[in-house]
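Because the structure is a prediction, the values reported are computed rather than measured. The residues of the chain are indexed from 1 along the displayed sequence.
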Amino acid sequence: MRPHPPRNKAEVCRTPRGGGGRGKGTMSGLGRLFGKGKKEKGPTPEEAIQKLKETEKILIKKQEFLEQKIQQELQTAKKHGTKNKRAALQALRRKKRLEQQLAQTDGTLSTLEFQREAIENATTNTEVLRTMELAARGMKKAYQDMDIDKVDELMADITEQQEVAQQISDAISRPVGFGDDVDEDELLEELEELEQEELAQELLNVSDKEEKPPVKLPSVPSTHLPAEPAPKVDEDEEALKQLAEWVS
């Protein structure tokens, strides 16, 4: 068999007319079908929470409506009772269906409430994390110009300056110009001599007191002291007394 001659390079690279367009259109259609097309912007947490609250209000109204209908069907079944058994049974069947709808509504409402609370908690946590991040950035910025080595050097300088200030205060408060050339041992020796002299003087005073004879006190006189002179009688009173005796 004779081998086929090699095709032209242009023929090898040429694609069928319209083939690429159909492939691209097919992929675009599949992308739209499976959700791989252009993504729509999702709602914000605030919008989602607001939408959930609106839906909860609708479901609460539906609950109230179903509860009223259940009571009506129950009253209808009681009304017919044994008089119209068929109507009573139909009312009870409607009541059962309404109760099932009410149970489904309760479950849906609970799910929406749980979802809303989860979004609210997530929003709160997000705000807390943002605040913490801002605080961390602020702290980092506050300490960006600080170096621990520089801080240690600064504290060492402060300590050194405090020691110098204390030395200066001690030097200022120390008396100068007198008393610095006096030997303290000599002062103590002089003080001891003064104490010995004072002790010897006290001993002499005690011996002198013992040698002196006791002082003799005078005796008490035995004679009686003169009596106090009688008070002088008034001359006018005496004259009046004599006159009264003469008249009588």
Ala91 to Ala77 - nearest heavy-atom pair and separation: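 Heavy atoms of Ala91 and Ala77 come nearest at CB-N, 3.9 Å.
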
Running the 4.5 Å side-chain criterion over Ile, Leu, Val, Met, Phe, Trp and Tyr, what cluster does Leu102 land in, apart from itself? Phe65, Leu66, Ile70, Leu98

May I ask you to list the residues sharing a hydrophobic cluster with Tyr143, side-chain cutoff 4.5 Å, ordered by chain and number? Met139, Met146

Please check if atom CD in Gln144 has more than 12 non-hydrogen atoms from other residues, nucleotides or ligands closer than 6.0 Å.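 More than 12 within 6.0 Å, yes.
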
Near Glu190 CD, under 6.0 Å, is it more than 12 heavy atoms from other residues, nucleotides or ligands? no

Working to the nearest 0.5 angstrom, can you tell me the gap between [X] [atom1] and [Y] [atom2]?
X	Y	atom1	atom2	result
Ile168	Ser173	CD1	OG	12.0 Å
Thr55	Gln115	OG1	CD	9.5 Å
Thr105	Glu67	OG1	CD	10.0 Å
Lys95	Thr76	NZ	OG1	12.0 Å
Arg97	Glu73	CZ	CD	8.5 Å
Gln63	Gln101	CD	CD	12.5 Å

Residues that [X] engages under side-chain hydrogen bond (donor to acceptor under 3.5 Å, both in side chains), provided they are two or more places apart:
X	result
Glu153	none
Glu120	Arg116
Lys69	none

Regarding Gln166 and Asp170, do their side chains bring together a donor and an acceptor under 3.5 Å, going by distance alone?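 Short answer, yes.
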
Mind listing the side-chain donor-acceptor pairs of residues 127-136 below 3.5 Å, one per line with the distance, residues two or more places apart or on another chain?
{"from": "Glu127", "atom 1": "OE2", "to": "Arg130", "atom 2": "NH1", "distance (Å)": "3.3"}
{"from": "Thr131", "atom 1": "OG1", "to": "Glu127", "atom 2": "O", "distance (Å)": "2.8"}
{"from": "Glu133", "atom 1": "OE2", "to": "Arg137", "atom 2": "NH2", "distance (Å)": "2.7"}

Got [X] and [Y] here, is their nearest side-chain heavy-atom distance under 4.5 Å?
X	Y	answer
Glu54	Gln50	yes
Glu46	Thr123	yes
Glu99	Lys96	yes

With a 3.5 Å distance limit and no angle check, can you tell me whether Asn84 reaches the backbone of His80 through a side-chain donor-acceptor pair?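 Answer holds: no.
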
Would a distance-only check, ignoring hydrogens and angles, find a side-chain to backbone donor-acceptor pair under 3.5 Å from Glu163 to Glu160? no

